[in-house]
*Asks:* 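Below is one structure. I have some questions about it.
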Amino acid sequence: AQSVTQPDIHITVSEGASLELRCNYSYGATPYLFWYVQSPGQGLQLLLKYFSGDTLVQGIKGFEAEFKRSQSSFNLRKPSVHWSDAAEYFCAVAPGAGGFKTIFGAGTRLFVKA
Amino acid sequence: NAGVTQTPKFRVLKTGQSMTLLCAQDMNHEYMYWYRQDPGMGLRLIHYSVGEGTTAKGEVPDGYNVSRLKKQNFLLGLESAAPSQTSVYFCASRTQGKSEAFFGQGTRLTVV
């Protein structure tokens with residue numbers, strides 16, 4: 001069965017520090033992978049996506065993610081966190097480009113301290 | 001450019017009451033979705049639609065009904081609300097052949 005695991009419920013980092021949010025998935029074939037961000041009181045916004053090709057993908061707001069097939073992981077990274085990055089981040093997996101039944105992880109809430 | 005608009009943004013219901021959540025998108029998207037978001041569980045798909053006049057069940061459809069009479073609107077109905085349906089509901093839409101889904105701002109529903 002498809003599943004997405006985000007091991008960290010919440011993470012706190014200092015402003016300017018680097019960030020890595022973990023995501024592990026379980027899927028029979030090569031999945032389509034996504035990271036979304038949800039700011040307080042807002043809907044979800046797509047940060048980046050991976051379908052194929054280069055395993056390091058760049059997204060908006062300075063985020064990047066690396067697909068590692070051997071580890072079934074798709075971790076999100078940012079070299080220097082800004083206070084405005086405080087939000088909840090969701091990893092998702094889908095069977096196709098759109099994936100009617102996209103599966104979301106439980107989310108990781110990021111806190112940024114000054 | 002409104003994108004995806006959900007109405008209402010907040011609602012409190014008594015157990016057994018009914019209500020309809022409206023989702024409207026102005027991007028001419030074929031696909032529309034209703035999710036619920038609960039703490040520690042991420043987003044779970046309730047129902048979805050691949051086009052006007054068509055709907056299908058998602059992961060957690062029980063207690064909900066949907067209709068897609070017009071391409072731009074996707075309605076989510078609760079016939080007899082239960083406290084277990086207290087949640088934040090998100091609508092999303094996507095165009096065929098594209099991967100990015102666009103989300104509404106959510107509806108926070110409390111059933112007491």
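Chain naming here is simple, since letters A, B, ... match the order of the sequence lines and numbering starts at 1 in each.
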*Asks:* Could you check whether atom CD of B/E59 has more than 12 heavy atoms from other residues, nucleotides or ligands sitting under 6.0 Å from it?
*Replies:* yes
*Asks:* At a 4.5 Å cut-off on heavy atoms, which part of A/Q38 comes close to chain B: side chain, backbone, both, or neither?
*Replies:* side chain
*Asks:* Do you reckon B/V50 sits in the same ILVMFWY cluster as B/Y64, going by side-chain contacts under 4.5 Å, direct or chained?
*Replies:* no
*Asks:* Measure across B/G40 and A/A106 and return the closest heavy-atom pair with its distance rounded to 0.1 Å.
*Replies:* O-CB, 3.2 Å
*Asks:* Is the closest side-chain heavy-atom distance between B/L43 and A/L44 below 4.5 Å?
*Replies:* yes
*Asks:* Do the side chains of B/Y31 and B/Y89 join up, straight or via other hydrophobic residues, at under 4.5 Å, putting them in one cluster?
*Replies:* no
*Asks:* Answer yes or no: are there more than 12 heavy-atom neighbours, outside A/L56 itself, under 6.0 Å from its atom CG?
*Replies:* yes
*Asks:* Does any backbone or side-chain atom of B/Q96 lie under 4.5 Å from a heavy atom of chain A? Answer side chain, backbone, both or neither.
*Replies:* neither
*Asks:* Just how far is it from atom OH of A/Y36 to atom CZ of B/F103, taken to the nearest 0.5 Å?
*Replies:* 5.0 Å
*Asks:* Is any side-chain heavy atom of B/Y48 less than 4.5 Å from a side-chain heavy atom of A/T102?
*Replies:* no
*Asks:* So for atom CZ, which belongs to B/R44, do other residues, nucleotides or ligands contribute more than 12 heavy atoms lying within a distance under 6.0 Å?
*Replies:* yes
